[in-house]
Every structure is written in C-alpha cells, then in structure tokens.
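Below you'll find the structure, written out as structure tokens, and then a few comments.
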Number of protein chains: 2
Amino acid sequence: MIERKEHLFIVFENLLSIKNQCSSEILCECGSSDITMKQVRYLQVIDEHGEITFSKLAEVTRNSKPTISEMINKFIRMEYVYKKRSPDDGRIYYICLTEKGQNVCRCEQIALLKLTQRMVLSLNEAEVSTLIGILGKVR
Amino acid sequence: MIERKEHLFIVFENLLSIKNQCSSEILCECGSSDITMKQVRYLQVIDEHGEITFSKLAEVTRNSKPTISEMINKFIRMEYVYKKRSPDDGRIYYICLTEKGQNVCRCEQIALLKLTQRMVLSLNEAEVSTLIGILGKVR
DNA sequence: GGTTCATTAGTTAGTCATTACCTAATTATA
DNA sequence: TATAATTAGGTAATGACTAACTAATGAACC
C-alpha cells in the first residue's frame with residue numbers, strides 16, 4: 001500500500017523530470033535560458049490575445065504605458081515580438097509574437113506534448129488507451 | 001490515432017495543472033508567492049547539504065562570501081533559514097533551513113506528492129498498479 | 001602556559017548591472 | 001482637443017562584486 005504510493009510518486013517524478021528537461025532544452029535552443037518568469041507571463045498574455053495594442057496590454061497587465069513601451073522594446077531586441085502598424089489608425093501598433101516568442105511562452109505545453117509523444121512511442125495502443133481511461137478519472 | 005495522442009496530452013495537461021495549483025498554494029501559504037527562481041535554487045542547494053557553512057556555500061554556488069553573507073541575511077529576514085554557531089570553531093556558522101524554507105524549496109516535490117495522493121484516492125488499487133506498470137515503461 | 005603572527009570565517013561599506021516599475025512631458029495621429 | 005505611444009528622468013529591488021574590516025583559530029616560539 002505504502003509501497004504503491006511511493007512507486008506512483010517515483011514514476012511521476014520521472015515523467016516530470018523528462019518534461020522539465022524538454023522545457024530547459026526548448027529555452028536553451030531559443031537562447032532564452034535566463035528569461036524571467038515575469039517576462040514569460042507577459043509573453044503569455046500577448047499569446048492569449050493573438051495580437052494586442054500597447055494600450056490594451058497596459059490595461060490588461062495593470063502597468064503604465066511607458067512601462068509597456070520599454071518592455072516591448074526589450075522584447076523586440078530579444079526577438080520575441082514585433083510590432084505592426086495599424087492600417088486604420090496611425091497612432092496604433094499591434095504587438096505580435098515571433099516564432100521564438102511563441103516557443104518561449106508555450107515551452108511548457110511544447111514540452112508536455114513532447115513527453116506525451118514519447119509516451120506514445122514507448123507504449124502500445126492498448127496501454128495508451130488504458131492510461132487515458134484511468135488518468136481521466138483523476139480529479 | 002491522432003485522437004489518442006491529443007487525449008493523452010489533455011489528461012496530462014490536467015494533471016500538471018493540478019500539480020501547478022498545489023505548488024502555487026504551497027508558496028502562497030508560505031507567503032512566498034513572489035520568491036525568485038534563483039532564491040529557490042539557493043535554498044535547494046542548502047537543502048541538499050542539510051546544513052552548510054558560508055564558505056562552503058560560496059564555493060558550491062561560485063559566489064563571493066560577501067554575496068552569500070547578504071543573501072543569507074535576507075533569507076533569515078524572510079524566515080527561510082537560520083544560522084547555528086559551530087560548537088567547535090567560533091568562526092564558523094552553519095546555515096540551516098527553517099520549516100518554511102524546506103517547504104518552499106521542496107514545493108514541487110510536495111505538490112507532486114499531493115497529486116499522487118489524490119490519484120490514489122480517485123483510483124482503485126488495480127488501476128494504480130496498472131498505471132505504475134505502464135508509466136514505468138516510459139523512457 | 002602565554003605571546004605573536006598568519007590564516008580563516010564572516011561582515012560591512014561602497015559599488016555596478018539588470019529588472020521592473022513610475023510620472024511628466026513630448027510627438028504623432030485622429 | 002483627445003488619444004496612442006515614446007522619451008526622459010527617476011525609484012526600488014535583485015544579484016553580483018572588491019576592499020577593508022573584525023573575530024576566532026592555530027602554529028611557532030619563548
């Protein structure tokens with residue numbers, strides 16, 4: 001009983017370790033191993049909106065516009081985002097993620113995808129189905 | 001086929017989400033929701049050594065002693081560590097983790113433990129055994 | 001055993017670079 | 001005149017350093 005709990009912990013620890021290693025690799029490949037969590041979160045907010053204006057991003061993140069302006073300039077230098085002038089209103093720019101920016105802010109999902117792909121390779125179809133069935137019950 | 005891969009991804013995404021929520025809760029309970037990753041890593045180094053001297057910690061982390069001195073003073077203020085005078089050598093202090101410090105630097109493991117405990121509650125013994133069997137094959 | 005001196009452990013002062021944020025003033029556009 | 005974004009100048013916190021310092025230890029010598 002106790003043995004089973006510990007065992008479950010160990011197999012999940014192993015899986016998580018594989019996932020974390022994938023995440024690290026993704027960030028390293030992007031040359032972003034030292035990006036801060038706040039930076040990742042801001043990129044995630046941009047990702048959620050597809051493309052977003054400076055004013056909107058300031059509003060959504062509760063920062064001032066100058067703060068956003070500086071941050072976006074920095075992200076441009078880091079090649080995470082680019083800005084696109086609005087065709088309709090010369091005042092407005094849209095902030096868009098580059099491929100690098102997308103990879104960085106989605107690196108946890110990409111890592112998880114790689115983990116599940118790796119699982120599908122290690123296991124047969126019946127095992128995968130069984131896993132889905134059992135794990136789907138966890139709340 | 002494609003459906004199965006996506007499904008596996010989704011069930012694992014759900015599990016990971018539960019785990020991440022546990023982590024956040026642990027850090028919030030400790031009043032440490034804004035601790036930095038570097039700080040967590042330093043606490044993990046201290047954890048790995050049980051108790052460690054300033055000089056040793058400087059050596060292991062490749063920082064200067066004044067840097068370690070300041071960091072540890074800050075961790076003391078944050079109640080993550082305390083220092084213990086060596087009984088043998090008046091120059092030497094040992095840096096030890098408080099319970100809070102231990103919780104903070106182990107929060108990922110604690111969260112994973114809570115997740116696996118939750119799984120054990122949701123599933124019967126046969127299912128748990130099956131999981132262990134299948135997931136143990138993943139490399 | 002006491003003294004002296006070199007060494008070690010850790011601290012303090014001052015400093016620098018970076019990140020994350022601000023307001024006020026400005027420029028460009030509507 | 002109002003809005004969108006930028007620039008200038010600023011603060012606070014984090015993460016790191018060197019130089020100089022204090023306190024304690026240990027070896028050598030008397």
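Letters A, B, ... are given to chains in the order of the sequence lines, protein chains preceding strands, and every chain is numbered from 1.
Counting heavy atoms of neighbouring residues, nucleotides and ligands inside a 6.0 Å radius, atom NE2 of B:His49 exceeds 12 of them. Atom CD of A:Gln44 sits in a crowded spot, with more than 12 heavy atoms from other residues, nucleotides or ligands closer than 6.0 Å.
Smallest separation of non-hydrogen atoms from A:Met78 and A:Lys100: O-NZ, 3.0 Å. Here the closest heavy-atom approach between residue B:Ala111 and residue B:Cys22 is recorded as CB-CB, 3.6 Å. Of all non-hydrogen atoms in A:Ile134 and B:Leu123, the two that sit nearest each other are O-CD2, 3.4 Å. Here the closest heavy-atom approach between residue A:Ile110 and residue A:Ile26 is recorded as CG2-CD1, 3.6 Å.
In this structure, A:Arg85 contributes its side chain and A:Gly90 its backbone to a donor-acceptor pair below 3.5 Å. Looking only at distances, no side-chain donor or acceptor of A:Ser17 sits under 3.5 Å from a matching main-chain atom of A:Glu13. Judged by distance alone, with hydrogens and angles left aside, the side-chain atoms of B:Thr98 form a donor-acceptor pair with the main-chain N or O of B:Glu79 at under 3.5 Å. In terms of modelled atom types and a separation under 3.5 Å, the side chain of A:Ser32 and the main chain of A:Cys28 share no donor-acceptor contact.
Salt bridge annotation for B:Lys114-B:Glu25: absent, with no cationic side-chain nitrogen under 4.0 angstrom from a carboxylate oxygen.
Near-neighbour residues of DNA chain C inside residues 38-57 of chain A, defined by a heavy atom below 4.0 Å, number-ordered: A:Lys38, A:Gln39, A:Tyr42. Taking a 4.0 Å limit (strictly below) on heavy-atom distances, residues 77-91 of chain A reaches DNA chain C at A:Arg85, A:Asp88, A:Asp89, A:Gly90, A:Arg91. Residues of residues 68-76 of chain B having a heavy atom closer than 4.0 Å to DNA chain C, listed by number: B:Ser69, B:Glu70.
Computed from coordinates, the B:Tyr94 OH to C:dA9 P distance equals 11 Å when rounded to whole Å. For B:Asp34 and C:dA20, the CG to P distance is 13 Å, given to the nearest whole Å. If you measure from atom CE of B:Met37 to atom P of C:dT19, you get 15 Å, rounded to the nearest angstrom.
With values rounded to the nearest 0.5 angstrom, A:Cys96 atom SG is found 11.5 Å from A:Asp47 atom CG. Rounding to the nearest 0.5 Å gives a distance of 5.0 Å between CD of A:Gln39 and CD1 of A:Ile35.
Here the range on DNA chain D touched by chain A, meaning any atom under 4.0 Å from one of its heavy atoms, is D:dT3 to D:dG9.
Relative to the ring axis of A:Phe54, A:Lys65 does not place its NZ or CZ within 45° and under 6.0 Å from the centre.
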Can you name the atoms? Protein N/O to nucleotides 3-6 of chain C N/O, anything below 3.5 Å, with the distance.
none

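The side chain of A:Thr67 contributes an N or O atom lying less than 4.0 Å from OP1 or OP2 of C:dC22.
Shown here are the side chain to side chain donor-acceptor pair (under 3.5 Å) partners of B:Ser129, two or more places apart in sequence or in another chain: A:Arg4.
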